[in-house]
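Reviewing the structure listed below.
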2 protein chains.
Amino acid sequence: MNAYTTDDAIACLRKAGVPVTQQRIEIARVLFSAPVHMSADQIWATVKATAPDVSRATVYNTLRLFTEKHLVRELFVDPQRIVYDSTTTPHFHLYNMDTGEVRDLAADEIEVIGAPRLPAGVELEEVDVIVRVRNRSA
Amino acid sequence: MNAYTTDDAIACLRKAGVPVTQQRIEIARVLFSAPVHMSADQIWATVKATAPDVSRATVYNTLRLFTEKHLVRELFVDPQRIVYDSTTTPHFHLYNMDTGEVRDLAADEIEVIGAPRLPAGVELEEVDVIVRVRNRSA
DNA sequence: GTACTTGCAAATTGTTTGCAGACAC
DNA sequence: GTGTCTGCAAACAATTTGCAAGTAC
C-alpha cells in the first residue's frame, strides 16, 4: 500500500475504487509514503506545504472517503481529534497521553486471546487495543 | 462502589475526597446505583428527571471531576461523545457501532497477553480493549 | 464568614454541509 | 458534455469557560 510516487498514488486510488483527483493524490502521498498516525489537521498542514490551495473541507471529506474505502483507519484515542492510521492491517497501538503520539505495537508485544460471546444478529467488525501511557513522574 | 441511597452517595463522594453538594449527590446516584455506560447528555437528562434544575455545565464539570478522582472512567468509543463507565476496575468493552450501546466484557471472554516494551521515561496508564460489532447484514 | 460551586450564556474546537464554480473522463 | 469534486464560509454539536449569585461547612 506504499505509494511514494504520484503514479503509485493514482494506482492505489484506482484500486480502491476512488475517482482520482489532484487533491486526493496529494493526500494519498502524505498518508501512504510511510506508515503514519496523523490528525486531520496535521494532514491538512502537511498537504498544504506542497499544495497550498487544498481546503480543509476537502481534506476532511477525503479522509472520510478513504475510511469508507478502507484505505485508512480511524483511531479514537482522544475525544479531541480523530487520528488516521495509514496501516490497515490488524495491529494495536500505544498512545502517549502527554505528547499525543501514537505508535504501532509489534505483533509479538501484545496478544488478544479469546473471542467475546456475541449477541445474536451482530457481527464482529474489529478489535481495538490501545495501551495508554504517560510520561513518568508528573 | 454501589450507592443506592443518598447516604451511600455521600459516603462515596467523601471517600473520594470530593466535596459534597446536592448536584454531585444526584449525579452519583445516577452513576453508581448500577453499572452503567452513559454519555454526558444522557446523564444530564436522567439527573433532570429527579432534579430539574441541574445545569448541563455542572454535569460536564462534575463528570470531569469524577474522572480525575477515578470514580468513573471515560471511554472513547466514538468521536462524537464521551461515554462514562461507572465501573472502574479493569475490564474490556463491546461496542455496537449501529446502536451506540456499550457492554462490559466478562473477564473470561477475552484476555490480553504480554506487555509492550515501553519507551524509557513513560509508565503504563491503562490498556483499553474495544471490540466493535455491527448489526448483521447492513 | 470564606471558599468552593452552580447556573447561565457565550466561547471554543473539531468536523460537516450547502452551494456556485471547476475538473476528470 | 456531464456528473462529481472543490473551496469557501456558514452551520453544527459536544464540551469548556467567565462571572455573579448561591451553598456547604
Side-chain angles (χ1 to χ4, degrees), chain A residues 6-7 9-28 30 37-48 50-69 71-72 74-84 100 102, chain B residues 6-7 9-28 30 37-48 50-69 71-72 74-84 100 102:
Chain A
T6 298
D7 284 349
I10 292 172
C12 174
L13 295 173
R14 287 238 163 82
K15 200 172 73 168
V18 175
V20 175
T21 69
Q22 197 53 52
Q23 291 84 339
R24 289 172 185 174
I25 292 171
E26 295 296 340
I27 295 169
V30 170
H37 302 98
M38 298 172 84
S39 69
D41 269 2
Q42 285 176 322
I43 294 167
W44 183 47
T46 308
V47 166
K48 277 204 304 186
T50 56
D53 28 79
V54 171
S55 91
R56 188 198 300 247
T58 298
V59 172
Y60 275 93
N61 288 333
T62 301
L63 289 170
R64 187 146 42 93
L65 178 65
F66 281 12
T67 303
E68 280 165 21
K69 299 297 189 182
L71 289 174
V72 295
E74 293 181 322
L75 300 181
F76 309 141
V77 287
D78 170 338
Q80 293 314 292
R81 64 216 211 302
I82 298 176
V83 172
Y84 290 89
V102 177
Chain B
T6 299
D7 284 350
I10 292 173
C12 174
L13 294 174
R14 287 238 164 83
K15 201 172 75 171
V18 175
V20 175
T21 69
Q22 197 54 52
Q23 292 84 339
R24 289 173 185 173
I25 293 171
E26 296 295 340
I27 295 169
V30 170
H37 302 97
M38 297 172 84
S39 70
D41 268 4
Q42 285 176 322
I43 294 167
W44 183 47
T46 308
V47 166
K48 277 204 305 187
T50 57
D53 27 80
V54 171
S55 91
R56 189 197 301 246
T58 298
V59 172
Y60 276 93
N61 287 333
T62 301
L63 290 171
R64 186 146 43 93
L65 178 65
F66 281 11
T67 303
E68 279 165 21
K69 300 297 188 181
L71 289 173
V72 296
E74 293 181 322
L75 299 182
F76 310 140
V77 286
D78 169 337
Q80 292 314 291
R81 63 213 212 302
I82 298 175
V83 172
Y84 290 89
V102 176

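Just so we're on the same page: letters track the sequence lines, and every chain starts at 1.
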Inset, instruction - Find out whether A/L13 and A/K69 are in side-chain contact, i.e. whether some heavy atom of one side chain is under 4.5 Å from a heavy atom of the other. - result: no
note: B/I25, atom CD1; D/dC25, atom C1'; distance rounded to Å ~ 14 Å
| query | With a 4.5 Å heavy-atom cut-off, do A/I82 and A/L75 have their side chains touching? | reply | no
A/Q23 has its side chain closest, among C/dT15, D/dA14, D/dT6, to D/dT6
Q. Phosphate oxygens OP1/OP2 of C/dG7: is one of them under 4.0 Å from a side-chain N or O of B/T58?
A. yes
Rounded to whole Å, CG of A/D78 lies from C1' of C/dT15 at a distance of 15 Å
Rounded to whole Å, CG of B/L65 lies from P of C/dT6 at a distance of 9 Å
Between NZ of B/K69 and P of C/dC4 the distance, given in whole Å, is 13 Å
A/I82 CD1 to C/dT13 P, in whole Å, measures 17 Å
To the nearest angstrom, the CZ-P distance between B/R56 and C/dA9 comes to 12 Å
Heavy-atom nearest nucleotide on DNA chain C taken for A/T21 and for B/V54; more 5' hit belongs to B/V54
Rounded to whole Å, the CD-P distance (A/E26 to D/dT6) equals 12 Å
Per atom distances to the B/Y60 side chain, the nearest of D/dT6, C/dC4, D/dA14 is D/dA14
Nearest-nucleotide check on DNA chain D, A/N61 vs B/Y84; residue mapping nearer the 5' end is A/N61
Assign each of B/A57 and B/Q80 the nucleotide of DNA chain C bearing its closest heavy atom; nearer the 5' end lies the nucleotide of B/A57
Testing C/dT5, C/dT15, D/dC5 for proximity to the side chain of A/A40, the answer is C/dT15
(message) A side-chain contact here means heavy atoms from C-beta on lying under 4.5 Å apart; do B/V83 and B/M38 qualify?
(response) no
In whole angstroms, the gap separating P of C/dG14 from CZ of B/F76 amounts to 15 Å
Of A/T62 and B/V20, the one whose nearest nucleotide on DNA chain D sits closer to the 5' end is A/T62
Picking from D/dT6, D/dT16, C/dT16, the nucleotide nearest the side-chain atoms of B/R64 would be D/dT16
_Exam field: side chain B/Q42 to backbone B/S39, donor-acceptor pair closer than 3.5 Å_ = yes
**Q.** salt_bridge(B/D53, B/K48) N-O dist < 4.0 Å
**A.** no
Please confirm whether the shortest side-chain N or O distance from B/R81 to OP1 or OP2 of C/dG14 is below 4.0 Å. no
